[in-house]
Amino acid sequence: MTDLLVQTAGESHGPCGTAFITGMPAGLKVDTDFINTALRRRQGGYGRGGRQRIETDEVEVTSGVRLGLTTGAPIVLQVPNKDARLDDLERTPPMHRPRPGHADLAGSLKYDTDDCRNVLERASARETAARTAAGALTRLLLREVGIETFAYLRGLLDIDAPVTVTDDLEALRAACDASEVYNPDPAASAAMIDHIRQAKVNKDTVGGLCEVHVLGCPPGLGTCMERMETLDSKLAGAVMSIQAFKGVEVGLGCAVTTRTGSQVHDPIEHDGHGYVRPTNNAGGIEGGMTNGMPIVVRGAMKPISTLLQGLPSVDMRTHEAQQSTYERSDVCAAPAASVVMEHVVAVEIAAAVLRRYAGDTLSQIKTAMGIK
Ligand SMILES: Cc1cc2nc3c(=O)[nH]c(=O)nc-3n(C[C@H](O)[C@H](O)[C@H](O)COP(=O)(O)O)c2cc1C
């Protein structure tokens with residue numbers, strides 16, 4: 001059994017996005033409706049651009065699944081692009097005025113070209129459709145072993161609207177889905193929508209603060225033995241890999257510097273059945289391992305770098321000062337990014353489960369975890 005690994009391929013306007021997944025056990029029921037629901041949520045959220053009206057993302061499973069069950073072989077998931085036009089030079093022309101904040105300039109310097117097109121087609125967050133599909137597959141595995149994920153948009157500009165994650169996850173998910181920005185609080189949602197609307201009027205963009213909770217993890221996922229293998233470092237890497245994410249926190253995160261030790265560290269108690277923690281400032285991870293409390297991770301997304309007003313840039317052919325190119329774009333993709341974050345976190349948690357409770361089949365893994 002190899003470690004769980006998810007890789008993707010595909011350009012924003014190529015024929016499809018592809019996820020290549022190795023290390024999944026045999027015997028997992030692949031519910032494509034579940035994956036498609038995740039893909040639809042990734043497409044949603046107030047502030048998205050015209051692309052999402054063109055696409056209706058649906059997964060195609062082309063390898064590793066027979067009669068609806070994983071076989072243990074590599075799995076390939078594909079998400080076709082309706083707006084496929086990579087080789088159409090009229091509709092997808094070369095791009096010479098790099099957008100500050102995007103991959104355009106750095107990538108063009110790296111690949112020795114004054115046309116940013118190749119770089120931006122791959123750097124684009126269209127890639128997150130394939131990664132979300134792969135993450136949804138790993139969520140199906142996690143559900144089998146009693147682990148659930150929940151994501152929402154916690155903040156945007158001056159708004160911070162944290163949620164208390166209760167046992168009634170379904171109610172929370174429904175409230176989240178009822179919000180156009182994926183925050184269960186209607187007042188906070190309305191205020192966020194106002195900010196996004198105003199940014200659009202100003203030909204500007206906004207980012208946001210996404211938060212993911214993982215419930216039901218047994219203690220001991222991850223390790224303290226190799227620092228680069230700690231669960232928090234894996235989660236930080238995964239969250240930071242999402243396009244436009246510039247900060248990651250676990251539990252209290254950066255706020256630990258504003259408190260003393262007695263105000264930060266969660267007391268340890270025993271209730272006769274097991275260890276309990278009255279608080280969860282650690283966000284469910286101590287020493288790089290799960291401690292039995294819910295995992296809480298936050299990711300900060302910067303504002304979208306394609307602005308209708310453009311930003312100061314230069315034409316790479318002439319080096320003359322020009323405003324950056326505008327390509328059809330989102331004004332705010334932070335609600336969608338919360339969905340992406342949920343799914344990259346799910347991949348890391350599933351990888352940690354499979355590392356600790358290794359097995360070739362789902363039933364072997366369940367037996368190792370003591371699940372009937
Ligand atoms: C869900 C999602 C949607 C995005 N949509 C856009 C977009 O429409 N326009 C844009 O310029 N950037 C968008 N981005 C961000 C860029 O992909 C990202 O800034 C770029 O690839 C450079 O990577 P970096 O910001 O991590 O350095 C989006 C990011 C995410 C997560």
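Numbering of ligands and ligand atoms starts at 1, following listing order.
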Inset, instruction - Write down, by chain and number, every protein residue that brings a non-hydrogen atom to less than 4.0 Å from an atom of ligand 1. - result: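 Lining ligand 1 at under 4.0 Å, by heavy atoms, one finds R48, R99, G101, H102, A103, A123, A125, I242, Q243, A244, K246, M301, K302, I304, S305, T306, S329, D330, A333.
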Legend entry - Any side-chain donor near an acceptor of the partner, R51 and S12, under 3.5 Å: yes
Inset, instruction - Consider only side-chain N and O atoms of S189 and S179, and report whether a donor and an acceptor are under 3.5 Å apart. - result: yes
Inset, instruction - Over all heavy atoms of both residues, which pair between M316 and T113 is shortest? Give the atoms and the distance, please. - result: CE-O, 3.8 Å
Inset, instruction - Classify the ring geometry between H213 and Y152 as parallel (under 30°), tilted (30 to 60°) or perpendicular (over 60°). - result: tilted
Legend entry - SB check K366 E144 (cutoff 4.0 Å):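 So K366 pairs with E144 through a salt bridge.
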Legend entry - For R356, all residues meeting side chain to side chain contact (heavy atoms under 4.5 Å, CB included), sequence neighbours excluded: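 Result, side chain to side chain contact (heavy atoms under 4.5 Å, CB included) vs R356: L221.
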